[in-house]
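Taking it in order: structure first as structure tokens, then the write-up.
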Amino acid sequence: MLRPALLFLFALVLAGCSTTSFNVLDINTLESDRNDSGSFKGLERLAEQSPNNSKTVRVNIMYLHGIGYVENPDATPLANAFISGIADAYNNDVGEKSVASQCGRDDRDEDVRLSNSIMIADTKVRNYRTTLPGSNLKLTDLACMDRQVLKVGGNIEYVIYRVFWDDIFWDSLQAPHVGQDALGQKEKGGQASLRRKYNGQLKDKLVNYGFSDAVLYLGPAGEQIRDAVRGAMCSAALDASGYRFSAQGPRVNHIDICQIAALEDIETDPFAFVTESLGSKIAFDIMRDAMTDGRGNVYDDMIKGTQFFMLANQIPLLSLSDITETERVVPEPYSDEERPTIIAMSEINDFLTYELVPFYRNLLSRSQRNIDGQIDMSLEAERSKLIDLLGFNVIDMRVEFAEPVFPLVGGFVDPLFAHNGHVKQPELIAYMLCGAQNGQINVDGCRGLSSPKLRGKNLRRKLEADPPLPAPKGEAAARSGSK
């Protein structure tokens, strides 16, 4: 009786002590019915599309955050791990705190405001009625955006535009609703202070500062968050073309700055988008609006031919709020060069992430379409028809990197790190810089592979002969029986 028990305990300890190394499981694409056949350019090759004749190639990056306490002065700043990861990829050192935690502040003294930021405001004061009759909440400012320049040596330069709406919307709208429950309030005897340590931290990180962002976005205030990002995009496009923040002014409203951008003859280096969590849904909604509004504008120019690196997206989940009885508008046709690409990077153990290729396949198989609108995903021409209906191509990069939480429980990994640890993986940064070709990292000519953390590692994967992706249950019936 004792020996089997000891063997069981020994096996449990070994399982708990095991670590999770970074692993790419699949790189799939909506264009193909085969596993591990996805391809995307990567930021370096996107930079090479610069229309400028200067020796420096540059890519501008709009960085949108997700749920959580993003502007926490005690935590690492927004995009710090991303910027540090890129610098490390070129064997550069940017220091432990490469960017200030607050928008437009000096990284050594955050009381010093720099000239590299701008405030995006609404066109008027918004008065939101609350569940308490006679009580209103006001919202005027929408977001703060700053510019971080990363020169990595050679002729490559990355300009990162960080967009913050966290503190503004929390202070104005969320804190009056859930602030009394947050640990940050530190009220003696309050409910938050009575919780066990880790339960309290999870309540704050996942709900008070987390889910409340998503709930807010899905309500009327979501339009103001999209307006904030639209205004930031126009301001960033002007800044990238030489019309700097200092000339635009310390504060602009989103309508005026986009009208100025529409009147200017803007020529910039290419833009890419890196989005976290909820930021992916925000960028997705803005992209779809630009594709279907029937107007050519700054947003259209910024998204044509670009890449959206969506980390831990919740697009399928949050799209439940978009179902409507109104017919959806089909985007205007894009050429292959103009069509944007979404690269969805998902840790398989993240509670909140949903992959996009199986989402669109599943939605197609479980929905009704008329005979003329039916799509047979086993045929290449039909898959192209689906991509034309969407207006963009989709790549799913399925990865695993989260470590076990408890020493003796190897079957449970850190859910928070699975959600927000993507840019802390040097291998994933390498893919973002170099791109992929038919399921393999595209190392040819890519300079962003000098990270000391990658020394001795072979990023080439062993790809096995793979049959076509299985059709979801009911897909054949859906194709033959839909009316």
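Counting from 1, the numbers follow the sequence of the chain as shown.
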**Study point:** Check: D444/Q437 side-chain N/O donor and acceptor closer than 3.5 Å
**Key:** no

**Study point:** Distance-only side-chain donor-acceptor flag, E276 / N420, under 3.5 Å
**Key:** no

Practice item. Return the orientation label for the F284 and F392 ring planes: parallel under 30°, perpendicular over 60°, tilted otherwise. Key: perpendicular

Review point. Would you call D322 and K281 a salt bridge, using N to O less than 4.0 angstrom?
Key: yes

Point to revise | Verdict with reasoning, Y431 to I27, per side chain to side chain contact (heavy atoms under 4.5 Å, CB included) | key: CA-CA 11 Å; Y431 273 94; I27 303 178; 3.8 Å; yes

Check your understanding: Rounded to the nearest 0.5 Å, what separation is found between the CZ atom of F273 and the CD atom of Q307?
Key -> 11.5 Å

Review point. SG of C144 to CZ of R251: how many Å apart, nearest 0.5 Å?
Key: 9.0 Å

**Study point:** Pair R230 + D227, salt bridge at N-O below 4.0 Å
**Key:** yes

Check your understanding: More than 12 foreign heavy atoms under 6.0 Å from CD of E380: is that the case here?
Key -> no

Exercise for review: Would you kindly say whether S451 and D88 are connected by a side-chain donor-acceptor distance under 3.5 Å?
Suggested key: yes

Point to revise | Spatial distance of atom CG (L416) from atom NE2 (H419) [nearest 0.5 Å] | key: 8.5 Å

Review point. Just wondering, do I61 and V159 contact through their side chains at under 4.5 Å, heavy atoms?
Key: no

Review point. So F245 and Y161, would you call those rings parallel, tilted or perpendicular, with 30° and 60° as cut-offs?
Key: perpendicular

Review point. So which of H254, R147, Q248 actually passes side-chain hydrogen bond (donor to acceptor under 3.5 Å, both in side chains) with S235?
Key: Q248

Practice item. Given side chain to side chain contact (heavy atoms under 4.5 Å, CB included), test N349 with F351 step by step and report yes or no. Key: CA-CA 6 Å; N349 297 294; F351 294 162; over 6 Å; no

Review point. Does a salt bridge link R105 with E71, judged by any charged N lying under 4.0 Å from a carboxylate O?
Key: no

Review point. For E355 and R398, what are the C-alpha separation, side-chain angles and deciding distance, and is it a side chain to side chain contact (heavy atoms under 4.5 Å, CB included)?
Key: CA-CA 8 Å; E355 295 174 20; R398 183 184 297 164; 2.8 Å; yes

Practice item. Just do the salt bridge (charged side-chain N to carboxylate O under 4.0 Å, His left out) check on R339 and D388 with the steps written out, would you? Key: CA-CA 9 Å; R339 186 180 295 113; D388 288 339; 2.9 Å; yes

Exercise for review: Evaluate the criterion side chain to side chain contact (heavy atoms under 4.5 Å, CB included) for residue pair I303 and Y334; output intermediate values, then yes/no.
Suggested key: CA-CA 11 Å; I303 67 176; Y334 281 82; 4.1 Å; yes

Practice item. Examine the side chains of Q224 and Y217 and answer whether a donor and an acceptor come within less than 3.5 Å of each other. Key: no

Review point. Any donor and acceptor pair, going by atom type alone, linking the side chain of D26 with main-chain N or O of N28 inside 3.5 Å?
Key: no

Review point. Does the side chain of H422 reach to within under 4.5 Å of the side chain of F401, using non-hydrogen atoms?
Key: yes

**Study point:** Where Y128 and A221 come nearest, the two heavy atoms and their spacing
**Key:** OH-CA, 3.7 Å

Check your understanding: Does I429 reach the side chain of F82, with side-chain heavy atoms less than 4.5 Å apart?
Key -> yes

Review point. If we only count heavy atoms from C-beta on, is the N393 to L390 side-chain gap below 4.5 Å?
Key: no

Practice item. Would you name the heavy atoms of R383 and R361 that are closest together and state the gap between them? Key: CD-NH2, 4.4 Å

Review point. Can D36 and R461 be counted as an ion pair, charged N to O under 4.0 angstrom?
Key: yes

Review point. Quick check: does any side chain N or O of T29 sit under 3.5 Å from a backbone N or O of S32, one acting as donor and the other as acceptor?
Key: no

Exercise for review: Please confirm whether the backbone N or O of L43 pairs with a side-chain atom of R45, one donor and one acceptor, at under 3.5 Å?
Suggested key: no

Practice item. Run the salt-bridge test on D300 and R295 with the 4.0 Å N-O cut-off and return the result as yes or no. Key: no

**Study point:** Name of the residue among I266, V252, T268 meeting side-chain contact (heavy atoms from CB on, under 4.5 Å) with L238
**Key:** I266

Review point. Distance only, no hydrogens: is a donor on one side chain within 3.5 Å (strictly under) of an acceptor on the other, for D146 and Q148?
Key: yes

Practice item. Mark yes or no for whether E31, through its side chain, and S384, through its backbone, hold a donor-acceptor pair below 3.5 Å. Key: no

Point to revise | Donor on one side chain, acceptor on other, T353 and S346, under 3.5 Å | key: no

Revision key, fill the gap. Rounding to 0.5 Å, atoms CG (N208) and CG (D213) come to a distance of 10.5 Å

**Study point:** Heavy-atom pair with the smallest gap, counting every atom of G231 and I257
**Key:** O-CG2, 3.6 Å

Exercise for review: Kindly check if the number of other-residue, nucleotide or ligand heavy atoms within 6.0 Å of OH (Y354) is above 12?
Suggested key: no

**Study point:** Parallel, tilted or perpendicular, as decided by the 30° and 60° cut-offs, for the rings of Y158 and Y90
**Key:** tilted

Check your understanding: If you take all heavy atoms of V70 and G66, which pair is closest and at what distance?
Key -> CG2-O, 3.8 Å

Exercise for review: Answer yes or no: is there a donor N or O on one side and an acceptor on the other, between the side chain of D396 and the main chain of L356, under 3.5 Å?
Suggested key: yes

Practice item. Answer yes or no: is there a side-chain heavy-atom contact under 4.5 Å between I120 and V163? Key: no

**Study point:** Min side-chain heavy-atom separation T292-V330 under 4.5 Å
**Key:** no

**Study point:** Parallel, tilted or perpendicular: rings of Y209 and Y69 (30°, 60°)
**Key:** tilted

Exercise for review: Give, for atom CD1 of I67 and atom OG of S212, the distance between the pair rounded to the nearest 0.5 Å.
Suggested key: 8.5 Å

Check your understanding: With no hydrogens and no angle check, is any side-chain donor or acceptor of D269 less than 3.5 Å from a backbone partner on A240?
Key -> no

Exercise for review: Flag the pair L78 / F164 as yes when at least one side-chain heavy-atom distance between them is below 4.5 Å, and no otherwise.
Suggested key: yes

Check your understanding: Side-chain contact, heavy-atom cut-off 4.5 Å: L46 with T306?
Key -> yes

Check your understanding: What closest approach, in Å, do N253 and D122 show between heavy atoms, and which atom pair accounts for it?
Key -> CB-O, 3.5 Å

**Study point:** D350 (side chain) donor-acceptor with L352 (main chain) under 3.5 angstrom
**Key:** yes

Point to revise | Minimal non-hydrogen separation, K385 against Q374, with atom names | key: NZ-O, 3.7 Å

Review point. Any sub-3.5 Å donor-acceptor pair from Q425's side-chain atoms to G421's backbone N or O?
Key: yes

Exercise for review: Check the surroundings of atom NZ in K151: do more than 12 heavy atoms from other residues, nucleotides or ligands lie under 6.0 Å from it?
Suggested key: no

**Study point:** Any side-chain donor near an acceptor of the partner, N80 and R162, under 3.5 Å
**Key:** no

Review point. Is the side chain of E347 donor-acceptor paired with the backbone N or O of A418 at a distance under 3.5 Å, no angle test?
Key: no

Check your understanding: Counting distance only, does the side-chain N/O of H65 pair as donor-acceptor with the main-chain N or O of T275 below 3.5 Å?
Key -> no

Exercise for review: Calculate, to the nearest 0.5 Å, the distance between atoms OG and CD1 belonging to S277 and I282 respectively.
Suggested key: 9.0 Å

